[in-house]
Each structure stands twice: as structure tokens, then as C-alpha cells.
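To keep things clear, I will list the structure first and then write my remarks on it.
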Amino acid sequence: MQNSSQAKLQKGRLIIATVLVALFWVALEVNLFYRQIIQHDLFEQAAAKQYLKKIPLRAARGGIYDRLNNKLVNNTLQYDLAADPLIVKDKKKLAKACSKALHKPEAYFKKKLARNSRFTYLARGVSDEDIRDILALKEPGLIKNKSFRREYPYRTYAAQLLGFTDPDDRGLSGLELQFDKELRGKDGQAVIQYNGKNPRRMFFNADNPIEQPINGSDIYLTLDKNIQTVAEEELVAGIKRTRARAGMAVVLDPFSGAILAMANYPVYDPNRQQNYKKPAKRNRSVTDVFEPGSTMKIITSAAILQEQLKNENDIVFCDKYELHGRKFHDTKKHGWLSFKKVVALSSNIGMLKLSEKLPPNTFFRYLRNFGFGAKTGLGLNGESNGILENPQRWSGITKASLAIGYGIGTTAIQMAAAYAAAVNGGYLYRPYIVDHIVNASGETEQAAQPLMVRQVISKEVSAKLKEFMYAAVEDGTGKEARVKGLMVGGKTGTARKMDPRTKRYSTSKYTASFIGFAPYDHPQYVLAVILDEPKISHYGGSTAAPVFSKIMQRIIYLDKRNEPSDAQNGSGEILVKKMHKLPPVTGFRIENAQALLEAKKIDYKTVGSGSYVKRVFIKEKTIYLERGELTIRQDKVPRLTGLTLREAMQKVDLSRFRIELKGNASGVVQRQEPPPGKRVHKRTSLILVCN
Amino acid sequence: MKKGRVDLTLVIMVTFLLTAGMVMVFSSSSMIAVNKYGTLTHFFLKQMMWSAFALSLMILFSNINYKTLKKYKLPVAGIIISFVLLAGLFVFGAKMNGARRWYNLGVGSFQPSELAKLAVIVYFAYYLSSAKKNIRDLKMGLLPLLGILGGLMALIAVQPDLSTALMLGVVGGTLLLISRAKISHLAMLSLPLIPAVILGINRQSFRLRRLHEWLAGWENPLHAGYQIKQSLIGLGRGGMFGQSLGQSKQKFLFLPDSHTDFIFSIIGEEWGFLGTTLILIAFMIIFYRGLVIARRVPDPFGKFLAVGIVLNIVAYALINAAVVSMLVPATGLPMPFISYGGSNLLFLGAAMGILLNISRQMTPAGANYVDYKQNRERYLKTVIAAD
């Protein structure tokens, strides 16, 4: 054993070596603990980042449609082209193709492709056509991602109402903003898993199934594309003619509150909204508050008549009027005027005298009832309340000011809604613009119903107000609102604008307006035209009224119900074509209709007597104009109760109804049979019971 | 000669590591196998076969008296064969990934550096335990030994396989350290190695880059070199309990060498900190058993041999784990028993067989150390009686 003693293993040194190994092991365990437990989250994230690539699948933004299902907005399909630089095979070739197709320097793409990342956009928002040559390379590293971009094909059309979106199609204004949640839908996503090495593979994985996008809901408006078009065209033309600063035109269905058109000027193009200033993007019809002036006289008259303080035939002497030291003026001295004439000629003094007996609280109540001083409930963002002070805060002349439309702030939509109530028999309807919303699976999500808020005035008063408005158009301040061959009513408004600096009414700046309705018997449209600071004249009668006339003239026959509709009487396609060529003449004065047909070289025969065209029909290939007194073609029984027999007879189309009278012929119709609104298909007897 | 029982703890640990290795090779190589060969089990089946061979070799060697290894000039023969085979690589070696490390034998490849490792351990044990060689003599004892070691290291380093060469140096150096060699000699000789290593690293730009990447990794692990970053992501994803078996995502071609040098990362990913710790503990147990055997075995040759064998295993295991967890700069070393690889497994099997044989050898009193430990009193009496 001795010989090996010198060759023995050195225990001490072995212990040192062992301790070193053990220390190394401890250090290793500490390091592992640090990496695996403390830095776990860091690596987990880094891992997810390299395994998974989330690719959004864009939901198509919902459409906005008018009431005739015309699409008012478009989604253009476009592509985001991206690349995974680590997969791209031929970077040079791809960069070259991109440079050629996308008109950017080759170096720009080379730089992008040189990145050590999994994803880089080459181009965003390009059309399929643009990148066709690039896709033709069949480059495996290319990623083509579909997306949509909002487009407004009619550009400035209803732009303030529709609003616009940002480049990522998020609503920024108007309906686009207000219904952004509904319109946007829900983007889906696909998760692509990668492996780590060439050949790289991408695969979808069951842990991350594709989430299909849910497209946005479609919004159907009450807007009528044709009426809106007319309103916009004529508003712009009117503003050009009068050199007004701004303007708005609102068309309302008085029997439901549905808004058929809402035009604003200045206009902007939502496709390039960034190039326009803010005022052009405002939906003035609901946001802008103005003092209405004389158009308010209809509301004042409504209160006076309903409270039975004055009769439409009561007369007042209009020369001057002074209240608490404040002098009120008319444009000229009118002398003795009846109530009706006061409204027709828009006499301030007459109106003030007539309203003297109207208690402030009562007047206030009427104004509130007509919807002033509060949002209409239309449901558009940014709608103004308008301004209407409580009677407690009224000064001595406030009531008088209000009576002629000063000291009150209204919006165009408030005025239109109030006028609708004035002419539809006294019912205030809540205006509305969104008819219904249909989601991606075709279910109707929200549906608006016409909402009658309250009855403000009686039918009788409503009828009288219509007469007043007819008088204003026929022989008052609103003559220029006349529509050839159509009975219309309305009221002019010419309001001095308050200078916000001096707090005094300007002598040169006016708000000119005309608010009216047509047809007379059964108002289909209430149209409010408001011009801000017209230059050629400041009178509503000479600036806004012609715009009203032109719009009404063009929209009245857009409605099929107002068109000649006897095509079914004829036979064969030729007749249909002939009917098609036939200009709408129903309701026209007979001489106008004749002139129109002769100008178009259309042969016709007239039957019956009367000064209006009652009906157009075709019999044995001949066009007949049936003459009659002014009535709207009735296939519904008109409402006659509350009318005198004389009035009732005027309303009835005698070719359709045989009148059978019961009771006192000089009284008022108490009951009628069949009831109003009932449809009739042939000549029917109509029993009227009078007292 | 009466044979004692083998050290069961060692057998259990080796079996555990081999089994874990097979499972993990299957999990970590499946994607690479599909990608390269279109079948999930390409590497797994081979590893099963090699493991079986390794176990057979282990059994075979555990039945051959380790003392035979120092007879018939076997240690010298081993060294000479190693030199020849390593040199032969220049001519006959199969070039793979820019390195000539293997002989292609058709059925598999053979890596002579694995043989060299075992040969160095055996030769060192023989040389250091020999009474004729005086290791304390610089010229006649230490330098010739270092010459042999340096020569083999040089041949391996030029393959190039610097990691294996360095590991050979570590194992050989440690054996010298625990021998009677003079510390002053060792210090004197190893000092010039430091500039040599620095020069070697500087000459090879990729090594320098790896070093830079390693330093960057300490700043922010996500800025480390690609492979190390992926390795850390794998470990880090594992957390405490891991993603469970087969759930590694790093094996989807993210982590290169996921079934060989970096399999420990996949273990960490699938089995978490518990799994990595368990594996390391198994190695530490092997190390401990090796030291116990070295203490029990009577002859210095056996002592050096046992220490050399376990040192080789534990050094590889710890440094591999350190590389994978970025404790030391990246270098390509297999994890013993676990990493995929034929030659490595076979020589490990042989080495373990030798160690097991040492463990079953009789003490001077005629008992193997296991029996001796269990019946200490009786043996002690016998020893006294025999003397």
C-alpha cells in the first residue's frame, strides 16, 4: 500500500472541487428560479407574440337608407397589404413590384422588408385593382387584409345629417357618430400561429377559432331621397339668388312627424371633410337657434283663437302701437284689418292688439305645448332646446315681443313641428328621422312609431289657421310661395337679427323665413325654409317664399298618391308608356294642364266641368281630363265633423260620394257615416248628421 | 472474485434520466422530425435504440472488473486510438454543419471525441494513481500528461468543437487538481491559458458575437441571441409547474437544437421549475454517489476513475443547464442521458457501467461497499481478523 500513497487522491482538494460543483449547482437553481418563476410573465408575453398573430376581420359598417330603401352611404372594399418580412422569399422583386404599383420609391419598401419583424404594412386602403400586380407574384410572405372605407356617393347630400367617419371608420359626427355603436358592428379576428423556422408555416389552431365579424346594423331613415334632393337643390339655388349667408330647409310629414328632408347650407363633402370648416358640418336645422319673427304669428293666432279671445273676422286698426315706451312698427300703415288679414299681411301692430287680452301664462303654455323651449325629441345629437323664458322672468314687453316672434329662440325643426301641429288638426307630433334599425341577422332592433305628443289646438282652430296661411299666400305677404295649380298655405317671417355685440337688433341683418304646407286639404308636407342674412332683400316673402314654392312644386307629385293613377283603366303597354310620358297634371288648373299637354303634343279630351283637373284617365287610347272643383283625389272618407255643411260639401269629392243629409242643413256636422279615413272603392253614400 | 451488488441508487437515477430523456426527445423532436422526415417519431425511435444499447453497455461494463482497464496497456491504447480516430476525421470525417466531428457508419454516426473523453478519464486515473509516474515532477510527470490532454483538446478544437475540447480540459484539469500535482505547477501552466482562450475567442468572430449576445442578454433577456432567447422563452413559459407534457410551443421550430443541446429548455417549458430541479437533483445524486464510491473503493485508480466519470457527467449536466438558462455564454454541449445522440449515450452507458462495477467491487475485507455499509460491524471484525 505504501507505493500508492504518493499517488493518492487528495481529499482536501476533492472537497474544494465538490464544494465548487455544489455552489455552481446552487447558482444554477437560483438562475432557473429567476428565469422560470420571476420572469415567467415576460417570457410568456414574448412567446405569445411570436406564436400568434392576430388579424382583425373587419365588420362591414352598416348602411344608412332613406325611406325608399335607397342607400345613402357606401362601403368601398379596400385592402391593407402587409408582409411578413421573415417569410418573404424575394424581397427585391417584391419591393420593385410595390414601388411600381403603389408609386413610392423602391427603397421605402426595401427598408420595410428588411425589418426583423413578423408584420409590416406595405400599403393601407388600396383597391384590389391597385395591388393586382403585387399579388400576382404569389409571394408567400404577403398578407392581404380586407377592410372597408366609408364612402358618401352623393357627397354633400344630407351630409350634415349623415355625418362622417375617421379613416378607421369610426363615426365622428352626425348619425355616423350618434349610431356609431349600431353601425360599427363587431370586428372578428383570426389568430394565425406560426412555427419558428423555414419553411415557415402558418396555421389556424383550434384554441383560437376564427371569430367571424358581425356586420353593423342598417339604419333606415324617414328621409326621402328625392325630396331631400329637391330641398337641397332649391335651397342652394335660393341662397345663391339671395346671397344669404346660410340656410336650412326642413320637410316634415305633419301627420306623423317623419322628417322627409333636412337640408342645410353651407354644405360640405364628408368624403373630404377635413377640407371644410366646422360651420359647414353643423346640422343647422336642429342646432341653430334663431328668432323666428312673423312666422310665430301663426302660433300666437292659434292661442288667441283657441282661447276664443278673438274671432277670425274681428277687426283691428293698425297704425301704431306703443308699450312701455317701446314703439312697434309695421312696414306700412294698414288701417283697419281683419284678424285673417292681420296674419296675411303680417301686421305687427294688428297682432299685438289682437293678443293684448292673451294672458302671459296662457300664451306661455301654448308656446310650450307647441314644443318651443324644449328639444323636440327628434333624437339627434346636438339638438338645441331653443330659448323660451318662464313668464315670471318676462319683462313688460316680452309677451308682445313673443307675439310677433321676438324674444324667443327656435330651431327650424321646432318651427316645422309646430306648424305641422297647426295644420294637421292640432296634434303635435314628435319629429323623428330614424325609422328603424335592422341588425346584421335581419332582425329589426329599434322601430320608431309616430308619436303624438299632445293635442295643442282643436281641429276647428287648425282649420282656421290653414285659412290664414292660405290667405297669406293668396293675397298676403307670401304670394311668391304660390305653387301653380296647387293650393298651399304658409307664413312669411322677417326677423331682425340681434347683434351679439351690441345686444341691439341689427338694421341690416335679417333672418328670412317661410313656413308652409301643401296640399291644402290634406297637408302632406310641412316645409320650413329659413335663410340667414339674405342680401338682395330681407323679406321672407321675397327670399324664402320662392324657395318654398320651388321645392313644393317639385315634391308634391313625387308622391305616387298625387300622381295620375288611372293607368289600370287602360290596357296594354303602349298606354302605360303614354301614361308615363304624361306630365302630372292632376290638381292643376285646367288651363295650365291644357297648356302643358299641348306643349307636349299630347292629345286629350276633357270631361265634366270645373276649374281644376280632378282626374286623368285613359279610355280607348284617349286621354281624358276630368274637370272638377279643387279636391284632392279621395279614396278615403274625409273628416267632416265639426264643419259647416257648406264647408263639408267643399271637401267632398262628389263624384265619389253621394251626400245624404240628416238634421238641420244650417248646422255643423256632428256625425258622419262611414267614419273618416275609411277607404272606398266605388261611389258610396255619405251620411252626414247635422244639428 | 466475488461480485457484490451494484449501487441501486445510481441505476435508478440513470434509468430515470434515460427514460426522461426518451420522453423529452420524443416531445421536443417531433416537430423537427415532421419537418425534416415527415414522421413524428424519427428521433424518438433512434433514441430508444441508442438507450437500449447504452443500457446493454452499462450492464456489460458493470460485469467487467474495472481493474482490467489498467491492464494490457489499455489506457495507452485508448489514448492512441483516440488520437488516430480524431486525426482520421480530417480525412474520413463526415462534414455536418461545417464541422467534421463524426464518422458516418451507415447505421449511425460515431463521434471520436466521446471515446477521447472516456480514454482521457481512464488514462488520467491510471497515470495519476500509478506509483511509477511522479505527477509532482513537472518535466517527467505533469507535462507529458498535459501534452496528451492538450493534443487531444487541440484535435477536438479544430473540428471545430471548442466546447467539447474545453470540457475535456475541465475534466482532465479537475482530475489533476485533486491529484498530488503541485498547485504551483498547475497555476503556472494555466495562467498562459487565459490569454490563449481570449485570443481564441477573438479569432473566431462568432464566438465574440455570442459573448456580446450573452452580455446583452443579461441586460434584457429578449435582446439575447436568437437561440438563447428562444431557450429562455421556453424555460420562462414553464413557470413553476410547466405547460405539461407535449405542450411545448418552442419545439415548433422556434428553438433550434430543441432535442439535443437545448432539450433542457423544453423540459423547463413542459415541466417547469420543478422538472428542471428534479433533473438537476438526479445529476447531483449521481455525483454524490460517485464521490461515495470513490471514498469507499480502496485503490486510487478506482477513486480517480469514479471521480472522473461522475465529474464528466455532472459537469456536462450543470454547464448545459447553465447555457440553456444563460448563466454562461452559449456553447454546444449535450445534456447527459437526455439529449438525443448515439455516441454520447453509448459512452455514457459504458462509463456508468464502469462506475457500477467499481461500486460492486470488494473492499479489502472482501465485501463490496454496499454490503460493507449495511453490515459494517461484521466487516470491521473481518478486516481486523484478516490483517
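Proteins get letters first, then strands, A, B, ... in listed order; numbering begins at 1 in each.
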Which residues in residues 29-42 of chain A have any heavy atom closer than 4.5 Å to a heavy atom of chain B?
A:Glu29, A:Asn31, A:Leu32, A:Phe33, A:Arg35, A:Gln36, A:Ile37, A:Gln39, A:His40, A:Leu42
Of all residues at least two apart in sequence or in a different chain, which pass the side-chain hydrogen bond (donor to acceptor under 3.5 Å, both in side chains) check with A:Asp218?
none
Heavy-atom cut-off 4.5 Å, strictly under: side chain, backbone, both or neither for B:Leu232 against chain A?
both
Lys/Arg-Asp/Glu bridge criterion (N-O < 4.0 Å) met for B:Arg237, B:Glu269:
yes
Verify side-chain hydrogen bond (donor to acceptor under 3.5 Å, both in side chains) between A:Arg150 and A:Asn75, making sure each step is shown before the conclusion.
CA-CA 5 Å; A:Arg150 199 57 135 187; A:Asn75 290 319; 3.0 Å; yes
Give a yes or no answer on whether the side chain of A:Ser99 reaches the backbone of A:Lys104 with a donor-acceptor pair at less than 3.5 Å.
yes
Relative to chain A, which segment of B:Tyr288 carries a heavy atom at a distance below 4.5 Å: side chain, backbone, both, or neither?
neither
Heavy-atom cut-off 4.5 Å, strictly under: side chain, backbone, both or neither for B:Met284 against chain A?
side chain
Between A:Arg61 and A:Asp180, is there a salt bridge with N-O shorter than 4.0 Å?
yes
Kindly write out the residues that satisfy side-chain hydrogen bond (donor to acceptor under 3.5 Å, both in side chains) with B:Glu270, not counting sequence neighbours, or none if the list is empty.
B:Ser27
Region of B:Phe241 that comes under 4.5 Å of a non-hydrogen atom in chain A
neither
Relative to chain A, which segment of B:Thr174 carries a heavy atom at a distance below 4.5 Å: side chain, backbone, both, or neither?
side chain
Check: B:Ser265 side chain, B:Val324 main-chain N or O, donor-acceptor pair, under 3.5 Å:
no
Donor-acceptor pairs are to be reported for all side-chain atoms of residues 300-310 of chain B against protein atoms at under 3.5 Å, with residues two or more places apart or in another chain.
from, atom 1, to, atom 2, distance (Å)
B:Lys303, NZ, B:Ala294, O, 3.0
B:Lys303, NZ, B:Arg295, O, 3.3
B:Lys303, NZ, B:Val297, O, 3.2

